[in-house]
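Here the structure is a predicted model, which means the values were calculated and not measured. Numbers here simply count residues along the sequence, with the first being 1.
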Amino acid sequence: MAKWTAFPYDNAAFQYDAASLKKHWTRLHAGDAEPFPKDAAVQQAWIHFHAGEFQQAYEAGLAAGGAGITVANKAQAIYANYLEKKEKTKLEMFLEVAERAEGQQEAEPKNANAWYWQAYALGRYSQGISVAKALAQGLGGKVKTALEKAIELAPKHADAHIALGAFHAEVIDKVGKLLGKTQGADTATGLKMFEQAIKLNPSSAIAMIERANGLVMLEGDKRLALAEQLYADAAACEPMDAMECLDVELAKEELEE
């Protein structure tokens, strides 16, 4: 496998060991509601992930199997979304994650993150090929169903609420309210999902960023001032790991544009 692009920021503050990982687990996983793993090999994979060592996390997660598959999926999906420069490779990575997560659903149908990572990967893939094209391929329904299943299995899964809000916003923004309705997308549900995500994980920079984007998509220019404030709040967040660091940097870029 080709060497993945290295995490481009200082990760000194994101170096955990087994004890500190357990201590900070609830805060680190407020977004994905992943239970703390008993397997030491899976814990080590998460230590790599939080430090921004995404390729090592991916490889260690796959090697560990079981709950390690979730680490591999998250590491590959986050890496592809933020750091992979080649569009073709990025899209291939998203499809790999979606396929692996689908296999995980068959083995563990009650694993919320098996459903979430399939939805996340297919959602990002859809954005890459164009939302309209993805809807024509039936991917919209798959994303929506998987996210609703993740929330049903883990009602406090903040990231699934964010992604479901983004689904409603993206569909309505790209194909309009009327066609959006045929995909099960509506404004009120989208707004509700974003609000719920912030309630569940109030310190999440990505929740603020996605809510800002969603508000503008769903309610237009009248929401620009609030969107700007949400970007500013996201940029001021104190990251606890490499992924959150990438989210904060994204918020800073949005503010500069």
Can you list the residues that meet the salt bridge (charged side-chain N to carboxylate O under 4.0 Å, His left out) rule with K144, with sequence neighbours excluded?
-> E148
Got a sec, which residues hit salt bridge (charged side-chain N to carboxylate O under 4.0 Å, His left out) with K86, two or more places apart in sequence or on another chain?
-> none
For A30, side chain to side chain contact (heavy atoms under 4.5 Å, CB included) partners two or more places apart = N201
Residue list, side chain to side chain contact (heavy atoms under 4.5 Å, CB included) with A77, at least two apart or on another chain = V97, W117, Y120
Quick check for you: to the nearest 0.5 Å, what is the distance between [X] atom [atom1] and [Y] atom [atom2]?
{"X": "I198", "Y": "E210", "atom1": "CD1", "atom2": "CD", "answer": "10.5 Å"}
{"X": "D32", "Y": "K74", "atom1": "CG", "atom2": "NZ", "answer": "3.5 Å"}
{"X": "F94", "Y": "Q127", "atom1": "CZ", "atom2": "CD", "answer": "8.0 Å"}
{"X": "I206", "Y": "M243", "atom1": "CD1", "atom2": "CE", "answer": "8.5 Å"}
{"X": "K22", "Y": "L28", "atom1": "NZ", "atom2": "CG", "answer": "14.5 Å"}
{"X": "I47", "Y": "L21", "atom1": "CD1", "atom2": "CG", "answer": "5.0 Å"}

For [X] and [Y], does a side-chain donor sit closer than 3.5 Å to a side-chain acceptor?
{"X": "D247", "Y": "Y82", "value": "yes"}
{"X": "H29", "Y": "H24", "value": "no"}
{"X": "T70", "Y": "N73", "value": "no"}
{"X": "H48", "Y": "Q56", "value": "no"}
{"X": "R100", "Y": "Q118", "value": "no"}

Restricting to non-hydrogen atoms, name the atom on [X] and the atom on [Y] that form the minimum distance, rounded to 0.1 Å.
{"X": "V216", "Y": "A227", "value": "CG2-CB, 3.8 Å"}
{"X": "A234", "Y": "V248", "value": "O-CG2, 3.7 Å"}
{"X": "M208", "Y": "P202", "value": "CE-O, 3.3 Å"}
{"X": "P37", "Y": "W25", "value": "CD-CH2, 3.5 Å"}
{"X": "L255", "Y": "A235", "value": "CD1-CB, 3.8 Å"}
{"X": "A158", "Y": "L200", "value": "CB-CB, 3.8 Å"}

Should [X] and [Y] be counted in the same cluster of Ile, Leu, Val, Met, Phe, Trp and Tyr side chains packed under 4.5 Å apart?
{"X": "M217", "Y": "L224", "value": "no"}
{"X": "L153", "Y": "V143", "value": "no"}
{"X": "L95", "Y": "W115", "value": "no"}

Is the Y16-W46 ring centre distance short of 6.0 angstrom?
-> no
Ring centres under 6.0 angstrom apart (Y79, Y58) = no
May I ask you to decide whether K88 forms a salt bridge with E92, counting only side-chain N to carboxylate O separations under 4.0 Å?
-> yes
With a 4.0 Å cut-off, would you call E249 and K252 a salt bridge?
-> yes
Taking side chain as C-beta onward, heavy atoms only, is [X] less than 4.5 Å from [Y]?
{"X": "Q76", "Y": "W4", "result": "yes"}
{"X": "L147", "Y": "Y116", "result": "yes"}
{"X": "S203", "Y": "R27", "result": "yes"}
{"X": "F7", "Y": "L246", "result": "yes"}
{"X": "S126", "Y": "F167", "result": "no"}
{"X": "P239", "Y": "F14", "result": "yes"}
{"X": "Y231", "Y": "L226", "result": "no"}
{"X": "T189", "Y": "L164", "result": "no"}

Between H168 (side chain) and D186 (backbone), is there a donor-acceptor pair under 3.5 Å?
-> yes
Please report the C-alpha distance between L230 and I209 in whole Å, then the side-chain angles of each, then the deciding distance to 0.1 Å, and finally whether the side chain to side chain contact (heavy atoms under 4.5 Å, CB included) criterion is met.
-> CA-CA 7 Å; L230 284 163; I209 293 166; over 6 Å; no
In sequence, state the C-alpha distance, the side-chain angles, and the governing distance for Q196 and K199, and then conclude on side chain to side chain contact (heavy atoms under 4.5 Å, CB included).
-> CA-CA 5 Å; Q196 188 65 13; K199 276 184 196 163; 4.3 Å; yes
For the pair T26 and F36, evaluate side chain to side chain contact (heavy atoms under 4.5 Å, CB included) and give the outcome as yes or no after the intermediate values.
-> CA-CA 8 Å; T26 303; F36 185 75; over 6 Å; no
Restricting to pairs with a member in residues 152-166, which pass side-chain hydrogen bond (donor to acceptor under 3.5 Å, both in side chains), not counting sequence neighbours?
-> N113-H157
Check side-chain hydrogen bond (donor to acceptor under 3.5 Å, both in side chains) between Q15 and all other residues, then give those that pass, not counting sequence neighbours.
-> N11
Greater than 12 external heavy atoms within 6.0 Å of K142's NZ | no
Would you sort out whether I162 and M193 count as a side chain to side chain contact (heavy atoms under 4.5 Å, CB included), showing the intermediate values?
-> CA-CA 6 Å; I162 297 169; M193 288 296 138; over 6 Å; no
